[in-house]
Chemist: 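A single structure is presented below for examination.
Residue numbers count from 1 along this sequence. Only this structure's heavy atoms are used, side chains among them; waters, hydrogens and symmetry mates stay out.
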Amino acid sequence: MPQGQKILLPLAVAGGGLLLAFLVVMGKPRPVPVEAEATAPPLVQVMSVEPSDLVLTVTTQGTVRPRREVNIVSQVGGLVENVDEHFAEGGFFDAGEELVKVEDADYQFALVRAEARVADAAQIVAQEKGRNRQAAREWRDLGNAEANDLFLRKPQLAGAEANLRAAEADLGQARLNLQRTSISAPFNGRVSEKHVDVGQYIAPGTTVARVYDTDVVEVRLPLTDRQVALLDLPLNFQDVAVNGDGAAVLLRARFADREWKWNGRVVRTDASIDVDSRVVYAVVEVEQPFQHDTASGRPPLGIGLFVEAEIQGRQLAEVATLPRGALRNDGSVLLVDADDRLQSREVRVLKSSPRQVWVQGIRLNERVVVSQPALAVSGMAVTVREIKTLAGGLQ
């Protein structure tokens, strides 16, 4: 093959390949643009809210304790010769009832001696008064209008009268010591600890028992800042008298495998806020906690019993009750406006439970989202499905 043909043949093949490729590319049909289908707005469930005036309750818990608990201390020394049959741990007693009797023979003797000293001192006073009158007559017989106090025995009379008063004070002390041999408490109570018994010698200042008042018991209830806002608490201003009509409290406790209830009232708050937990403690009093309830067979509200408390709050205006899921993590809720678009609103949370929340800040018939969409942006269009209640109700 001639040399020129050897060169032209590869060029012709290459050119033909390029021409074929060009025709394939240019002859390919062009894509026809297709409009994407519009995505439907996300579906949300909403509730039309009807705010109302509500009295919310506050739930907390505490432990029953006595209002008054004291050590009974003997003020005299001696041998314990008798104790009351109720003087035992757990025993009840009445105010003024003799619990312990200390042998009083020595105090009877001291009383007799004190009475004798009073009689002696009274005799001396009478003698000095007679001498004073006699000296005054003698001085007048001398024809002198003035006499000195020593001549009239006034210092001697004053000393005798002072000795009489001292003897009478000793007599009063002897009588008081004799009375103190009978040991009692000034209130109706119960013995929690007993420290002495018959035959034991006690010295002045010996603790014979620890007792507590049974007419009233207390329960200290911790309250958070949000809970305090729901209550009318007796905050005890220095210049304002506080009446005894505190908030009503319902106490619940389990005893003997049953739940029992007692009624009480908030009477005061603690003197300071707890520095560790930063809570306010309200004090609830229950009257006659050990009185027998024949109708229900309810047990006494014993000291140390753990109770749950439900405190009646004050009336609040325009409170909306919502499912717990309507409240977002930032304390706001989502509303759906008239154009079916989402709007975020901050609300004041008054109270919450695992399934329910009570808030202020929502107006009548506003639609609140109760099922949060995966992506919620204020102003986003949504598809609305209105419901009355969630499955199982709001409670």
Chemist: OG of Ser184 to CD of Glu98: how many Å apart, nearest 0.5 Å?
Modeler: 8.0 Å
Chemist: With Val333 as reference, evaluate Val368, Val359, Val370, Val349 under the side chain to side chain contact (heavy atoms under 4.5 Å, CB included) test and give the passing residue.
Modeler: Val368
Chemist: CG/Leu230 to CG/Leu54 distance, rounded to the nearest 0.5 angstrom?
Modeler: 11.0 Å
Chemist: Would you indicate whether the side-chain heavy atoms of Val369 and Leu342 approach each other to under 4.5 Å?
Modeler: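 Yes - at least one pair of side-chain heavy atoms lies under 4.5 Å apart.
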Chemist: Is the side chain of Gln227 donor-acceptor paired with the backbone N or O of Thr224 at a distance under 3.5 Å, no angle test?
Modeler: yes
Chemist: When you measure from the side chain of Thr207 to the backbone of Asn71, do you find a donor-acceptor pair of N or O atoms at a distance under 3.5 Å?
Modeler: no
Chemist: Does a side-chain heavy-atom distance below 4.5 Å link Leu334 with Gln343?
Modeler: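 No, side chains not in contact.
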Chemist: If we only count heavy atoms from C-beta on, is the Pro41 to Met380 side-chain gap below 4.5 Å?
Modeler: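 A side-chain contact is absent here, since even the closest heavy-atom pair is not under 4.5 Å.
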Chemist: Under the side-chain hydrogen bond (donor to acceptor under 3.5 Å, both in side chains) rule, collect the residues that match up with Asp293, sequence neighbours excluded.
Modeler: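 Asp293 satisfies side-chain hydrogen bond (donor to acceptor under 3.5 Å, both in side chains) with Ser296 once adjacent residues are dropped.
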Chemist: Between the main-chain N or O of Arg341 and the side-chain N or O of Asp339, is there a donor-acceptor pair closer than 3.5 Å?
Modeler: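 No: the side chain of Asp339 does not pair with the backbone of Arg341.
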Chemist: Taking only residues two or more places apart in sequence or in another chain, which ones pass side chain to side chain contact (heavy atoms under 4.5 Å, CB included) with Asn163?
Modeler: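 Residues passing side chain to side chain contact (heavy atoms under 4.5 Å, CB included) with Asn163: none at all.
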Chemist: May I ask you to check whether Gln75 and Arg180 show a side-chain donor-acceptor distance below 3.5 Å?
Modeler: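 Distance-only check passes for Gln75 and Arg180.
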Chemist: Got a sec, which residues hit side chain to side chain contact (heavy atoms under 4.5 Å, CB included) with Asp330, two or more places apart in sequence or on another chain?
Modeler: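 Asp330 satisfies side chain to side chain contact (heavy atoms under 4.5 Å, CB included) with Arg328, Ser332 only.
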Chemist: Could you grab the distance from atom OG1 of Thr321 to atom CD of Gln356, nearest 0.5 Å is fine?
Modeler: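 Answer rounded to 0.5 Å: 5.5 Å.
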Chemist: Name the atoms and distances for all side-chain donor-acceptor pairs under 3.5 Å in residues 298-315, with sequence neighbours left out.
Modeler:
residue : atom : partner : partner atom : Å
Arg298  : NH1  : Lys261  : O            : 2.9
Arg314  : NE   : Ala229  : O            : 3.3
Arg314  : NH2  : Ala229  : O            : 2.8

Chemist: Is there a donor-acceptor pair under 3.5 Å between the side chain of Asp104 and the backbone N or O of Tyr107?
Modeler: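 No, Asp104 side chain to Tyr107 backbone: no donor-acceptor pair under 3.5 Å.
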Chemist: Could you walk me through whether Leu251 and Asn263 pass the side-chain contact (heavy atoms from CB on, under 4.5 Å) test, one step at a time?
Modeler: CA-CA 6 Å; Leu251 301 177; Asn263 294 315; over 6 Å; no
Chemist: Taking Trp262 for its side chain and Arg252 for its backbone only, find out whether a donor-acceptor pair lies under 3.5 Å.
Modeler: no
Chemist: Just how far is it from atom CG of Leu178 to atom CD of Gln108, taken to the nearest 0.5 Å?
Modeler: 4.5 Å
Chemist: Identify, with sequence neighbours excluded, every residue that meets side-chain hydrogen bond (donor to acceptor under 3.5 Å, both in side chains) alongside Ser74.
Modeler: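 Counting only residues at least two positions away or on another chain, Ser74 forms no side-chain hydrogen bond (donor to acceptor under 3.5 Å, both in side chains).
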Chemist: May I ask you to decide if Pro222's main-chain N or O and Thr60's side chain share a donor-acceptor pair within less than 3.5 Å?
Modeler: yes
Chemist: Do Val49 and Leu335 sit in one hydrophobic cluster, given that two such residues count as connected whenever their side-chain heavy atoms are within less than 4.5 Å of each other, even indirectly?
Modeler: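 Cluster IDs for Val49 and Leu335 match.
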Chemist: Without swapping roles, check the side chain of Asn188 against the backbone of Ala95 for a donor-acceptor pair under 3.5 Å.
Modeler: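 Confirmed, Asn188 side chain pairs with Ala95 backbone.
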Chemist: Is there a donor-acceptor pair closer than 3.5 Å between any side-chain N or O of Gln173 and the backbone N or O of Asp170?
Modeler: no
Chemist: Check whether any side-chain heavy atom of Ile202 lies under 4.5 Å from a side-chain heavy atom of Val208, and answer yes or no.
Modeler: yes
Chemist: List the atom of Glu285, the atom of Arg67, and the distance in Å for their closest heavy-atom pair.
Modeler: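 Scanning both residues completely, I find the closest heavy atoms to be OE2-CD, 3.4 Å.
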Chemist: Who passes side-chain hydrogen bond (donor to acceptor under 3.5 Å, both in side chains) against Glu366, sequence neighbours left out?
Modeler: Arg345, Arg363
Chemist: About how many Å separate CG of Leu350 and CH2 of Trp358, when rounded to the nearest 0.5 Å?
Modeler: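 Trp358 atom CH2 to Leu350 atom CG measures 10.0 Å (nearest 0.5 Å).
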Chemist: Report yes if some heavy atom in the side chain of Arg324 is under 4.5 Å from a heavy atom in the side chain of Ser352; otherwise report no.
Modeler: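 Arg324 reaches Ser352 side chain to side chain.
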Chemist: Which heavy atom of Arg265 sits nearest a heavy atom of Ala248, and at what distance?
Modeler: NH1-N, 3.6 Å
Chemist: Compare every heavy atom of Tyr201 with every heavy atom of Gly77, then report the nearest pair and how far apart it is.
Modeler: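 Heavy atoms of Gly77 and Tyr201 come nearest at C-OH, 4.4 Å.
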Chemist: Name the one of Thr269, Val267, Val266 that satisfies side chain to side chain contact (heavy atoms under 4.5 Å, CB included) with Val283?
Modeler: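 That would be Val267; it is the only one of Thr269, Val267, Val266 passing the side chain to side chain contact (heavy atoms under 4.5 Å, CB included) with Val283.
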Chemist: Do NZ/NE/NH1/NH2 and the carboxylate oxygens of Glu218 and Arg268 come within less than 4.0 Å?
Modeler: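 So Glu218 pairs with Arg268 through a salt bridge.
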Chemist: Determine whether a donor-acceptor pair (N or O, by modelled atom type, separation under 3.5 Å) exists between the side chain of Gln360 and the backbone of Ala317.
Modeler: yes
Chemist: With a 4.5 Å limit on heavy-atom distance, are the side chains of Thr206 and Val73 in contact?
Modeler: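 The answer is no; the side chains never approach within 4.5 Å.
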Chemist: Taking side chain as C-beta onward, heavy atoms only, is Arg65 less than 4.5 Å from Val219?
Modeler: no
Chemist: Among all residues two or more places apart in sequence or in another chain, which pass the side chain to side chain contact (heavy atoms under 4.5 Å, CB included) test with Val198?
Modeler: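 Val198 satisfies side chain to side chain contact (heavy atoms under 4.5 Å, CB included) with Val83 once adjacent residues are dropped.
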Chemist: Under the ring pair (Phe, Tyr, Trp, His ring centres under 6.0 Å) definition, can you give me all pairs with a residue in residues 40-95, not counting sequence neighbours?
Modeler: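 Sorted result for residues 40-95: Phe92-Phe290.
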Chemist: So, the side chain of Asp274 versus the backbone of Ser277: is there a donor-acceptor pair under 3.5 Å, distance only?
Modeler: yes
Chemist: Using every non-hydrogen atom in the two residues, find where Val102 and Gly78 come nearest and quote the distance to one decimal.
Modeler: CG1-CA, 3.6 Å
Chemist: Would Val70 end up clustered with Val196 when hydrophobic side chains under 4.5 Å apart are linked, directly or stepwise?
Modeler: yes
Chemist: Provide the closest heavy-atom pair for Ile362 versus Pro51 in the form atom of the first, atom of the second, distance.
Modeler: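 Smallest interatomic distance, heavy atoms only, reads O-CG, 3.1 Å.
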Chemist: Taking only residues two or more places apart in sequence, or in another chain, which ones meet Arg165 in a side-chain hydrogen bond (donor to acceptor under 3.5 Å, both in side chains)?
Modeler: none
Chemist: Tell me, which pairs form a side chain to side chain donor-acceptor pair (under 3.5 Å) where one or both residues lie in residues 48-57, sequence neighbours left out?
Modeler: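 Output for this query lists Ser48-Glu386, Thr57-Lys351.
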Chemist: Please lay out, stage by stage, how Leu231 and Leu223 fare under the test side-chain contact (heavy atoms from CB on, under 4.5 Å).
Modeler: CA-CA 10 Å; Leu231 303 173; Leu223 300 172; 3.7 Å; yes
Chemist: Taking all non-hydrogen atoms of both residues into account, name the closest pair between Ala185 and Ile72 and its distance.
Modeler: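 That would be CB-CD1, 4.0 Å.
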Chemist: Can you list everything that forms a side chain to side chain contact (heavy atoms under 4.5 Å, CB included) with Glu81? Sequence neighbours excluded, please.
Modeler: Lys101, Glu103
Chemist: Nearest 0.5 Å please: distance from the CG atom of Leu157 over to the CD atom of Glu128.
Modeler: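 Spacing of CG (Leu157) from CD (Glu128) equals 6.5 Å.
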Chemist: Please tabulate, for side-chain N and O atoms in residues 111-124, each donor-acceptor pair with protein atoms closer than 3.5 Å (sequence neighbours left out).
Modeler:
none

Chemist: Is the shortest heavy-atom distance from the side chain of Val216 to the side chain of Val286 under 4.5 Å?
Modeler: no
